[in-house]
Protein chains: 2
Amino acid sequence: MHRLDRSLIAGLPAFQGLDDSSLDAILQSASSLRVTKDQAIFDQDSDAHSFFVLLDGRVQVVKSTPDGQQVVVRYIVPGELLGIAQALGRTTYPASAIAVVDCVVLAWPGKLWPEFATAYPSFGMNTYRTVGSRLSDIQAQVVEMATEQVEQRVAHCLLRLIKQSGKQTNDGITIDFPISRQDIAEMTGTTLHTVSRLLTGWEEKGLVKSGRQQVTVVEPSRLSVLAEGTARDNI
Amino acid sequence: MHRLDRSLIAGLPAFQGLDDSSLDAILQSASSLRVTKDQAIFDQDSDAHSFFVLLDGRVQVVKSTPDGQQVVVRYIVPGELLGIAQALGRTTYPASAIAVVDCVVLAWPGKLWPEFATAYPSFGMNTYRTVGSRLSDIQAQVVEMATEQVEQRVAHCLLRLIKQSGKQTNDGITIDFPISRQDIAEMTGTTLHTVSRLLTGWEEKGLVKSGRQQVTVVEPSRLSVLAEGTARDNI
DNA sequence: CTGCTACTTTGAGCAAACGCAAAGAGAATC
DNA sequence: GATTCTCTTTGCGTTTGCTCAAAGTAGCAG
């Protein structure tokens with residue numbers, strides 16, 4: 001097995017404030033693995049044996065309901081932690097993680113979590129900061145789901161995606177991983193049909209360009225306008 | 001100013017695993033305050049000067065949108081932490097907290113947070129566990145909002161409320177603080193009209209009894225059935 | 001007791017979005 | 001190059017739940 005270089009993780013938020021020897025020690029117990037597209041990194045409700053850092057690729061975090069419906073909780077970009085059930089005092093994963101493109105991840109045995117958190121206080125702080133910001137994110141999402149209607153939610157969703165994973169192209173900003181109407185529907189609590197209708201409508205207005213598993217936002221600012229109140233603002 | 005007795009907080013989850021001298025030290029810097037019904041403990045977006053533990057009463061946590069809509073995030077019961085913006089690395093409160101009955105809270109200056117977390121590791125662990133469980137709760141809520149329809153959501157909401165704040169009475173289990181149709185609507189992302197219609201419907205079936213700012217669940221088990229799939233389960 | 005305020009109920013019409021169904025288009029496989 | 005599979009589009013009927021409006025009711029203040 002080849003040694004992992006410290007530079008892999010040195011710049012990441014989770015490892016901020018750690019000195020070189022700590023980083024090396026942490027990497028000692030890490031194993032790197034490749035995950036091919038559509039493969040699961042971990043499954044909901046299974047034993048939380050490991051926690052991970054995504055080094056390259058994109059990962060979809062999905063929660064399934066008992067009756068088989070799915071909700072896409074978030075997408076993970078390189079540098080982020082995932083599967084940190086241990087940090088929340090859980091023993092099973094609350095969701096599944098699927099590679100949406102070929103990925104590279106580092107994995108640590110879950111039982112090392114408490115050791116790391118005490119041995120490297122900054123690491124503990126950093127991860128809890130992550131958890132905190134995810135809590136904020138998801139609270140915002142609840143507010144959105146409670147107060148906005150579908151069109152606004154989908155618009156917000158696209159804006160968030162291009163902010164997180166946008167790549168500038170000739171036409172505008174593209175979401176740089178394959179994402180279907182169904183995926184967007186599962187992020188926003190609607191159906192793929194409604195998403196499809198919205199996208200074609202927006203395409204006619206020149207707001208977006210979209211195709212199979214692919215969305216480009218042509219005019220982010222006009223989409224933002226849609227994302228805020230469309231009607232009702234005429235006071 | 002009278003001294004605060006250690007027994008006030010000794011049993012609480014947040015202070016589990018702390019020895020008596022630590023508890024005393026922590027209480028040294030606490031101040032207790034009474035909050036009368038309908039008064040705010042802190043306001044959304046204001047400087048997060050303090051964090052709190054609720055000793056007695058009930059507190060409603062509300063998030064407001066820029067256009068004035070409100071979403072009730074959760075209710076806090078005695079023993080729980082609130083206003084822990086610091087733990088999430090935030091400097092302002094992400095929501096407002098309103099006393100729904102007369103309350104007693106302990107308050108600490110926010111800047112003590114990091115000191116406590118490092119000086120009393122169990123305290124840090126405990127609070128992060130709290131944050132973790134709130135993350136789980138709210139993720140479940142997102143899934144609910146995305147996949148269930150209003151009737152199920154309201155049923156789930158009532159079940160959660162009686163679990164957290166239920167008091168056994170002759171008629172059934174009552175939510176032991178004043179809660180309006182509007183409040184329930186703001187928890188479930190619907191309107192007070194729809195909640196009212198649902199409750200009267202359920203009352204006719206003998207599932208609940210309700211009145212002004214008051215709801216009693218007569219048959220929790222039948223309500224649970226409603227909360228899961230009503231139709232569509234006939235496979 | 002009376003009037004006021006806040007909360008609740010109920011009706012009627014309407015719009016948003018879903019469910020169902022079928023056809024069309026892109027990509028991958030053989 | 002034909003076939004298959006998956007993803008997407010689009011039409012239509014239906015439903016859910018919202019909006020608007022108005023009346024009813026309980027508690028509170030004077």
Side-chain angles (χ1 to χ4, degrees), chain A residues 36-38 60 67-70 72 98 100-101 145-155 157 175 177-204 208-216 226 229-232 234-235, chain B residues 36-38 60 67-70 72 98 100-101 144-155 157 175 177-204 208-216 226 229-235:
Chain A
T36 54
K37 184 178 166 176
D38 296 330
Q60 185 189 54
D67 57 316
Q69 296 190 79
Q70 293 199 326
V72 175
I98 315 283
V100 294
V101 295
M145 303 258 290
T147 63
E148 297 178 355
Q149 33 197 66
V150 173
E151 182 173 37
Q152 298 173 278
R153 298 208 302 268
V154 174
C157 173
I175 298 169
F177 57 86
I179 184 168
S180 69
R181 310 291 183 264
Q182 177 75 40
D183 291 327
I184 297 174
E186 287 175 2
M187 294 183 80
T188 50
T190 180
T191 62
L192 78 160
H193 306 280
T194 299
V195 172
S196 176
R197 282 181 242 267
L198 283 171
L199 287 181
T200 40
W202 292 343
E203 186 134 18
E204 282 161 12
V208 304
K209 293 196 177 193
S210 69
R212 194 190 176 79
Q213 311 226 72
Q214 190 272 327
V215 181
T216 302
L226 263 192
T230 333
R232 202 169 334 286
N234 30 19
I235 306 179
Chain B
T36 54
K37 184 179 166 173
D38 295 330
Q60 187 189 52
D67 58 316
Q69 298 189 76
Q70 294 199 325
V72 175
I98 315 282
V100 293
V101 295
E144 210 174 272
M145 303 259 290
T147 61
E148 297 179 356
Q149 31 198 65
V150 174
E151 182 172 35
Q152 298 174 281
R153 297 209 302 269
V154 174
C157 172
I175 298 169
F177 57 86
I179 185 167
S180 69
R181 309 291 183 264
Q182 177 73 41
D183 293 326
I184 296 173
E186 287 175 3
M187 295 183 78
T188 50
T190 181
T191 62
L192 77 161
H193 306 281
T194 300
V195 173
S196 176
R197 281 181 241 266
L198 283 172
L199 286 181
T200 40
W202 291 344
E203 185 135 19
E204 282 161 13
V208 303
K209 292 196 178 193
S210 70
R212 193 189 177 81
Q213 311 227 71
Q214 189 274 327
V215 181
T216 302
L226 263 193
T230 333
R232 201 167 335 283
D233 274 5
N234 30 19
I235 304 177

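Quick note on labels: first sequence line is chain A, next is B, and so on, each numbered from 1. Atom set for the values below is all heavy atoms of this structure, side chains included, hydrogens, waters and symmetry mates excluded.
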- Message: Side chains of A:Lys37 and A:Phe177, heavy atoms from C-beta outward: is any pair under 4.5 Å?
- Response: no
- Item | Atom-to-atom span, CD of A:Glu203 to C1' of D:dT8 - whole angstrom | 12 Å
- Looking at B:Val100 and B:Pro178, what are the two nearest heavy atoms and their distance? O-CG, 3.6 Å
- Task: Check whether any side-chain heavy atom of B:Val215 lies under 4.5 Å from a side-chain heavy atom of B:Arg181, and answer yes or no.
- Result: yes
- Residue set satisfying side chain to side chain donor-acceptor pair (under 3.5 Å) with B:Thr147, at least two apart, ordered chain then number -> none
- Query: Is there a side-chain polar atom (N or O) of A:Thr200 under 4.0 Å from OP1 or OP2 of D:dT8?
  - Reply: no
- Item | Residues which pass salt bridge (charged side-chain N to carboxylate O under 4.0 Å, His left out) with B:Glu148, listed by chain and number, not counting sequence neighbours | none
- In whole angstrom, give the distance that lies between atom CD of B:Glu204 and atom P of C:dT9. 11 Å
Check residues 191-198 of chain B and write down every donor-acceptor pair under 3.5 Å in which the side-chain atom is one partner and the other belongs to a residue at least two apart or another chain.
residue  : atom : partner  : partner atom : Å
B:Thr191 : OG1  : B:Thr194 : N            : 3.3
B:Thr191 : OG1  : B:Thr194 : OG1          : 3.2

- Message: Angle between the two end axes of the helix from C:dC1-D:dG30 to C:dC30-D:dG1, five base pairs per end, rounded to 10 degrees?
- Response: 40°
What nitrogen or oxygen pairs link the protein and nucleotides 11-17 of chain D at under 3.5 Å?
residue : atom : partner  : partner atom : Å
D:dG11  : N7   : A:Arg197 : NH1          : 3.1
D:dG11  : O6   : A:Arg197 : NH2          : 3.1
D:dG17  : OP1  : B:Val150 : N            : 2.8

- Kindly give the heavy-atom pair with the smallest separation between B:Thr188 and B:Ile184, and that separation in Å. OG1-O, 2.8 Å
Heteroatom pairs (N/O) under 3.5 angstrom, protein to nucleotides 5-7 of chain D:
residue : atom : partner  : partner atom : Å
D:dT6   : O2   : A:Arg212 : NH1          : 3.3
D:dT6   : O2   : A:Arg212 : NH2          : 2.8
D:dC7   : O4'  : A:Arg212 : NH1          : 3.4
D:dC7   : O4'  : A:Arg212 : NH2          : 3.3

- Any donor-acceptor N/O pair, B:Glu186 side chain to B:Asp183 backbone, under 3.5 Å: no
- Note on the structure: When rounded to whole Å, the CG to P distance for the pair B:Leu198 and C:dT8 reads 14 Å
- Message: If I take atom CD1 in residue A:Ile184 and atom C1' in nucleotide D:dT8, what distance separates them, rounded to the nearest angstrom?
- Response: 12 Å
- Message: Tell me the interatomic distance from A:Gln182, atom CD, to D:dT8, atom P, rounded to whole angstroms.
- Response: 9 Å
- Item | Closest heavy-atom pair and its distance - A:Glu203, A:Lys209 | OE2-CA, 3.4 Å
- Task: Check every strand shown and say whether B:Ser196 touches a base, only sugar-phosphate, or nothing at a heavy-atom separation below 4.0 Å.
- Result: base
- Note on the structure: note: B:Gln152, atom CD; C:dC18, atom C1'; distance rounded to Å ~ 14 Å
- Note on the structure: Between A:Gln213 and A:Ser180 the two heavy atoms that sit nearest each other are OE1-CB, 3.8 Å
- Message: By the definition side-chain contact (heavy atoms from CB on, under 4.5 Å), identify the one residue from A:Leu199, A:Thr216, A:Ile175, A:Ile179 that meets it with A:Ser210.
- Response: A:Leu199
